[in-house]
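Each ligand, and each atom within it, is numbered from 1 in the order the structure gives.
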Amino acid sequence: LTEPIGVLVMAYGTPRSLAEVEPYYTHIRHGRKPTPALLDNLIERYRAIGGVSPLNDITSAQASGIEHRLNRFGPGTFKVYLGMKHASPFIADAVVQMARDGIRHAVSLVLAPHYSTMSVKTYQKEADDKAAELGIPSFVHVDSWHLEPLFIDLLADRVKTALKAFAPDAKVRVLFSAHSLPERILSLGDPYPQQLRETGDTVAKQIGLTNYSFAWQSAGRTDEKWLGPDILNVLRELHDGGEDNVVVCPAGFVSDHLEVLYDVDIECQATAQELGMHLTRTESLNADPRFLDMLSAVVLRRAEDLS
Ligand code: FEC
C-alpha cells in the first residue's frame with residue numbers, strides 16, 4: 001500500500017480524576033448508574049492506589065512506542081490512533097479521526113493477550129460498527145497474541161525474577177491470573193480460559209516450572225456466577241494445604257492499573273498477610289521496549305493481510 005496504514009490501539013481506559021469515576025463506572029455498567037455504596041467502594045480503591053490509575057500514561061506510552069517502531073520502516077507508513085473502551089478518547093472517537101484523516105486500511109490491536117467474546121471482540125465490534133457507519137477504514141483485527149514467543153520470554157523472565165525473592169530450595173507456587181468473566185462464556189465455547197492456560201503452560205515449560213496453577217481475579221460485583229477459582233480462595237486453599245509461598249503472575253494484563261495495583265498488591269497481599277503467607281507478583285510489562293517490539297511485530301505481520 002502506498003498510503004499510510006492506520007493502527008487502532010485499543011485499551012480499557014481509566015478515569016482521569018476521582019470526579020470522573022462515576023461516569024466511568026456508569027459506562028462500564030452499560031449506562032446504569034452505580035449505587036452510592038458501589039461508587040464509594042470504587043473511589044476508595046482508586047484512593048488506595050494514589051487517587052488515579054497510571055493506566056492512561058502507560059497506555060499512551062505503549063501506543064507511541066508502537067508508532068515509533070512501526071515507522072522505522074519508513075516515516076509516515078503507519079499512523080497510530082488510541083481508542084479506549086470506557087474513557088475518552090473512546091474507540092468510536094478514534095475511528096472518526098481515522099476516517100477524517102482519510103485512513104482506508106487499518107489494523108486493530110487490543111492491549112490484552114487473550115481473546116474473549118466479552119472482551120476483545122466487543123472492542124473490535126465497536127471499531128467495525130463505527131467504520132461501517134462512516135464507510136472507512138476497513139479493519140483487519142489482531143485477535144490474540146498470548147503465545148507470541150517474545151511475550152512468553154518476557155513473562156518467563158519476570159517469573160524467574162520474582163522467584164528470586166524466595167530461598168532457592170523453597171517450594172513456591174506460581175499463580176497465573178487473568179480478569180474473571182461471567183461463567184456463561186463457557187457455554188459459548190469462548191477460548192479465553194484455554195488461552196490463559198496455554199500462556200501459563202508455555203511459560204512454565206520454558207523455565208521448567210512444575211508448581212503452578214491458574215486463578216481468576218477481579219470478578220465483577222454482579223449477581224451472576226463468574227469464572228473461578230477466585231484468586232483469594234486459591235490463596236486460602238494453598239495455605240490450608242501447607243503452601244505459603246506464592247508468586248502471582250497477572251498474565252491477562254499488560255499494565256499497572258487498578259486490577260493489579262489494588263486487587264493483587266493490596267487485596268491479595270492482605271489475604272496473604274492474614275494467613276502468614278509470602279506473596280510477590282511479577283512486574284507488569286508496561287512500556288518495556290521488548291514488549292513494544294513484540295506488539296509492533298504482531299501489527300506488522302497482520303498488516304501484510306491488508307490488500
Ligand atoms: O486502572 C484502571 O482504572 C482500569 C482498570 C481495569 C482494567 C480492566 C480490565 C478488564 N475488565 C474486564 C472485564 C470486566 C467486566 C466487568 C468489569 C468491571 C470493572 C470495574 C472496574 C474495572 N472493571 Fe474491568 N477492568 C478495569 C476496571 N470489568 C473499575 C467496575 C467495578 C468493579 O467491578 O470493580 C463487569 C461489568 C459489569 O458490571 O457489567 C466483565 C476484562 C478486562 C481485561 C481485558 C481488557 O483489558 O479489556 C475482561 C484494566
Side-chain angles (χ1 to χ4, degrees), residues 9-35 37-60 62 82-88 90-91 108-127 141-146 177-185 188 190-193 195-196 199 216-227 230-232 250-267 284-286:
V9 172
M10 295 183 278
Y12 204 81
T14 183
R16 285 182 171 76
S17 66
L18 290 178
E20 279 183 21
V21 173
E22 185 169 15
Y24 173 73
Y25 203 174
T26 305
H27 193 271
I28 291 177
R29 291 167 49 87
H30 313 279
R32 287 174 294 124
K33 266 194 177 195
T35 61
L38 281 173
L39 180 61
D40 284 351
N41 176 289
L42 183 55
I43 287 175
E44 277 317 305
R45 281 183 277 148
Y46 279 109
R47 276 194 213 284
I49 65 161
V52 286
S53 164
L55 184 60
N56 267 327
D57 291 343
I58 298 168
T59 305
S60 299
Q62 288 164 334
L82 187 55
M84 318 277 200
K85 187 81 201 288
H86 296 299
S88 72
F90 288 96
I91 292 169
S108 92
L109 173 76
V110 179
L111 295 175
H114 308 103
Y115 182 86
S116 168
T117 49
M118 281 191 69
S119 63
V120 171
K121 189 180 175 186
T122 63
Y123 288 77
Q124 295 171 343
K125 187 175 180 315
E126 267 181 61
H141 300 297
V142 173
D143 282 339
S144 64
W145 39 268
H146 68 295
S177 69
H179 201 291
S180 184
L181 282 173
E183 209 182 57
R184 67 187 140 88
I185 63 159
L188 305 170
D190 196 281
Y192 186 70
Q195 290 195 352
L196 175 67
T199 297
W216 299 104
Q217 60 167 91
S218 317
R221 288 150 173 80
T222 65
D223 294 334
E224 358 186 25
K225 201 155 182 245
W226 289 65
L227 287 177
D230 181 81
I231 194 160
L232 298 177
F253 301 111
V254 301
S255 304
D256 282 328
H257 49 54
L258 194 71
E259 317 297 75
V260 171
L261 300 176
Y262 188 88
D263 295 356
V264 178
D265 291 356
I266 297 181
E267 206 175 32
S284 298
L285 299 172
N286 294 330

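No donor-acceptor pair under 3.5 Å is formed between the side chain of Asn286 and the backbone N or O of Ile58. Trp226 contributes no side-chain N or O that, together with a main-chain N or O of Gln217, makes up a donor-acceptor pair within less than 3.5 Å. Counting only distance, with no hydrogens or angles, the side chain of Thr199 and the backbone of His146 share a donor-acceptor pair below 3.5 Å. Panel note: side chain Arg16, backbone Ser88; a donor-acceptor pair is recorded below 3.5 Å. No donor-acceptor pair under 3.5 Å is formed between the side chain of Ser255 and the backbone N or O of His257.
Distance CE/Met84 to CG/Leu55: 7.0 Å, rounded to 0.5 Å. Atom CG of Leu42 sits about 10.5 Å away from atom CD of Glu22, to the nearest 0.5 Å.
In summary, no N, O or S atom of Ser218 is located under 2.8 Å from atom 24 (Fe) of ligand 1.
Here the heavy atom of the protein found nearest to atom 44 (C) of ligand 1 is Ala112 CB, 3.9 Å. Atom 49 (C) of ligand 1 has His257 NE2, 3.2 Å as its closest protein atom, hydrogens excluded (heavy atom only). Given atom 41 (C) of ligand 1, the protein heavy atom at minimum distance is His179 CG, 3.5 Å. Considering only non-hydrogen protein atoms, atom 20 (C) of ligand 1 sits nearest to Ile28 CD1, 3.7 Å.
Of the options Phe253, Tyr192, Tyr123, the smallest heavy-atom separation from atom 46 (O) of ligand 1 is shown by Tyr123. Closest heavy-atom approach to atom 19 (C) of ligand 1 within the set Tyr25, Tyr12, Tyr46: this belongs to Tyr12.
For His141 and Ser108, the side-chain atoms include at least one donor-acceptor pair closer than 3.5 Å. Side-chain atoms of Thr14 and Asn56 include no donor-acceptor pair closer than 3.5 Å.
Short contacts between ligand 1 and Leu181, defined as distances under 4.0 Å to a heavy atom of the residue, involve ligand atoms 40 (C), 48 (C). Near Thr222, with a cut-off below 4.0 Å to any heavy atom, the atoms of ligand 1 are 38 (O). Listed by number with element, the atoms of ligand 1 under 4.0 Å from a non-hydrogen atom of Gly13 are 4 (C). Per-residue contacts place Tyr24 under 4.0 angstrom from the following atoms of ligand 1 (heavy atoms of the residue considered): 3 (O), 4 (C), 27 (C). The Thr14 neighbourhood of ligand 1 comprises atoms 1 (O), 2 (C), 3 (O), with distances under 4.0 Å to a heavy atom of that residue. Counting atoms of ligand 1 from 1 in the listed order, those under 4.0 Å from a heavy atom of His30 are 39 (O). Listed by atom number, the atoms of ligand 1 under 4.0 Å from Leu55 heavy atoms are 4 (C).
Considering backbone and side-chain N/O atoms, Arg221 comes within less than 3.5 Å of an N/O atom of ligand 1. For the pair Ser53 and ligand 1, the shortest N or O to N or O distance falls below 3.5 Å. Ligand 1 has no N or O atom lying under 3.5 Å from any N or O atom of Met118, backbone or side chain. Of the N or O atoms in Ser119, none lie within a sub-3.5 Å distance of an N or O in ligand 1.
With a heavy-atom cut-off of 4.0 Å, Leu42 touches ligand 1 through its side chain alone.
Distances shorter than 4.0 angstrom do not occur between any heavy atom of His114 and any atom of ligand 1. Ligand 1 lies within reach of Trp226, whose nearest heavy atom is under 4.0 Å from it. Ligand 1 has Arg45 within reach: a non-hydrogen atom of the residue lies less than 4.0 Å from it.
A 4.5 Å side-chain heavy-atom check between Val254 and Pro113 finds at least one atom pair inside the cut-off. A heavy-atom distance below 4.5 Å is found between the side chains of Tyr115 and Gln124. Counting only heavy atoms from C-beta outward, the side chains of Trp145 and Leu109 approach each other to under 4.5 Å.
For the pair Leu227 and Pro193, the tightest heavy-atom approach, listed with the atom from each and the gap, is CD1-CG, 4.3 Å.
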